[in-house]
Chemist: 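What follows is a single structure, and I will ask about it in a moment.
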Amino acid sequence: MNDFKEKIVAIVPAAGIGRRMGADVPKQYLKIAGKPILSLTLQVLLTHPRIDRVILALHPQDSYFSSLPEARHPKLLSVVGGEERADSVLACLNRVDGEGWAMVHDAARPCLTHSDIDKLIDSRGLFPQGAILASPVRDTMKRGDKQGCIEQTVCREQLWHALTPQLFPLVSLRDNLTQALEVKVNITDEASAMEWAGIAPGLVTGRADNIKITHPDDLRLAELFLRQAEVEN
Ligand SMILES: Nc1ccn([C@@H]2O[C@H](COP(=O)(O)OP(=O)(O)OP(=O)(O)O)[C@@H](O)[C@H]2O)c(=O)n1
Ligand SMILES: C[C@](O)(CO)[C@H](O)COP(=O)(O)O
């Protein structure tokens, strides 16, 4: 695969309901600095010059997306997502023809930067099998027992937080994800489907502020990061 001319399609799973956030709207529609989280995330991807298309998975009952300005962007296609995040990603992959690269990025990660996207795209020479943005674990890691006590300290050497985007050859990702889901493998990120298939994706150090907005206190943190990014740019 000549990875310097191949198209890059961004895949955005945005069909979740944000249960852990506990808001009265799906968390991707909560606002940070006056903008819906999904709009912030899509703007990063739609404005990146090396991303050819953006395919978005929406909840079947999503009644919010059509009112976002990004809904009418010519580079964007929306599809109906699935039961789990992996099903939503596969629904997007199944709408892409031909070869190329799939860059999967959570709608819930609005703090992604163009520099981290470039870092991941530029890793394809070193990692032709694909790679993920990841952040090395900084803290001592503990495994807890059912009584809420420390069961063991987990060695943190070579331990990483998997982030997104995760970038893989599109056909390989689609085939491996399809087969992994068919045999009910628990897939929480694209790399785990590739690992199941015996592929070792590359690890590309990404910014620790590329957080996934999951719980209410993540909102303030993301706002701080986004305001800091405004000051820097
Ligand atoms: N069936 C699903 C579930 C999740 N997602 C998306 O996958 C991303 C990461 O998932 P997560 O943070 O778990 O979002 P939710 O599933 O909405 O959160 P929760 O688990 O708290 O309900 C989110 O952008 C979410 O919208 C998706 O497209 N389809
Ligand atoms: C894909 C991911 O963001 C990598 O850390 C994470 O696995 C998503 O998990 P979630 O439970 O669907 O939020």
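We use all heavy atoms of the structure for the numbers below, so side chains are in, but hydrogens, waters and symmetry mates are not. Numbering of ligands and ligand atoms starts at 1, following listing order.
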Chemist: For the CD1 atom of Ile55 and the CG atom of Leu45, what is their distance to the nearest 0.5 Å?
Modeler: 12.0 Å
Chemist: Can you tell me if Thr178 and Asp175 form a side-chain donor-acceptor pair at under 3.5 Å?
Modeler: no
Chemist: Determine, step by step, whether Asp118 and Ser115 satisfy the side chain to side chain donor-acceptor pair (under 3.5 Å) criterion, reporting the C-alpha distance in whole Å, the side-chain angles of both residues, the deciding distance to 0.1 Å, and the verdict.
Modeler: CA-CA 5 Å; Asp118 285 323; Ser115 57; over 6 Å; no
Chemist: Between Arg109 and Asp116, does at least one N-O distance fall below 4.0 Å, as a salt bridge requires?
Modeler: no
Chemist: Counting only heavy atoms closer than 4.0 Å, does ligand 1 sit against the backbone of Glu84, its side chain, both, or neither?
Modeler: backbone
Chemist: Less than 4.5 Å apart, any side-chain heavy atom of Asn176 and any of Phe168?
Modeler: no
Chemist: Under 3.5 Å, is there a donor on one side chain and an acceptor on the other for Ser135 and His161?
Modeler: no
Chemist: Check Ala162 against Gln166 and note the closest heavy-atom contact, atom names and distance.
Modeler: CB-NE2, 4.2 Å
Chemist: With the side chain counted from C-beta on, respond yes when His48 and Ile121 share a heavy-atom pair under 4.5 Å apart, and no when they do not.
Modeler: yes
Chemist: Output the list of atoms in ligand 1 that are nearer than 4.0 Å to some heavy atom of Glu83, sorted by atom number.
Modeler: 1 (N)
Chemist: Quick one: OG on Ser63 to OH on Tyr29, what's the gap to the nearest 0.5 Å?
Modeler: 8.0 Å
Chemist: What pairs with Glu84 under salt bridge (charged side-chain N to carboxylate O under 4.0 Å, His left out), at least two apart in sequence or on another chain?
Modeler: none
Chemist: Suppose I only count heavy atoms of Ala108 and a 4.0 Å limit; which atoms of ligand 1 are within that range?
Modeler: 24 (O)
Chemist: What are the atoms of ligand 1, with element, lying closer than 4.0 Å to any heavy atom of Ser88?
Modeler: 1 (N), 2 (C), 27 (C), 28 (O), 29 (N)
Chemist: Would Arg156 and Asp139 pass as an ion pair if we require N to O under 4.0 Å?
Modeler: no
Chemist: Which of the atoms in ligand 1, numbered in the order shown and given with their element, are less than 4.0 Å from a heavy-atom of Lys212?
Modeler: 12 (O)
Chemist: Quick one: nearest non-hydrogen protein atom to atom 26 (O) of ligand 1, plus distance?
Modeler: Gly16 N, 3.0 Å
Chemist: Is it the case that the side chains of His59 and Ser88 hold a donor-acceptor pair, with the cut-off being a distance below 3.5 Å and no angle test?
Modeler: no
Chemist: Going by heavy-atom distance to atom 1 (N) of ligand 1, choose the closest among Gly82, Ala15, Gly81, Pro13.
Modeler: Gly82
Chemist: Who's the nearest protein heavy-atom neighbour of atom 12 (O) of ligand 1, and how far?
Modeler: Lys27 NZ, 2.7 Å
Chemist: Listing by chain and number, which residues have a heavy atom under 4.0 Å from ligand 2?
Modeler: Arg20, Arg85, Asp106, Arg109, Ala162, Thr164, Thr188, Asp189, Lys212
Chemist: From atom 13 (O) of ligand 1, work out which of Arg20, His59, Arg19 has a heavy atom at the shortest distance.
Modeler: Arg20
Chemist: Any N/O of Ile213 closer than 3.5 Å to an N/O of ligand 1?
Modeler: no
Chemist: If you round to the nearest 0.5 Å, how far is CH2 of Trp196 from CG of Leu177?
Modeler: 10.0 Å
Chemist: Can a salt bridge be assigned to the pair Arg85 and Asp106 using a cut-off of 4.0 Å between side-chain N and carboxylate O?
Modeler: yes
Chemist: Can a non-hydrogen atom of Ala14 be found less than 4.0 Å from any atom of ligand 1?
Modeler: yes
Chemist: Quick test: of every protein heavy atom, which one is nearest to atom 15 (P) of ligand 1, and how far off is it to 0.1 Å?
Modeler: Gly18 N, 3.9 Å
Chemist: For atom 9 (C) of ligand 1, which of Asp106, Thr164, Thr188, Thr41 has the closest heavy atom?
Modeler: Asp106
Chemist: Taking heavy atoms and a distance under 4.0 Å, where does Ala107 meet ligand 1: side chain, backbone, both or neither?
Modeler: both
Chemist: Tell me the protein heavy atom at minimum distance from atom 7 (O) of ligand 1, and give that distance in Å.
Modeler: Arg85 CG, 3.4 Å
Chemist: Which of the atoms in ligand 1, numbered in the order shown and given with their element, are less than 4.0 Å from a heavy-atom of Ile17?
Modeler: 17 (O)
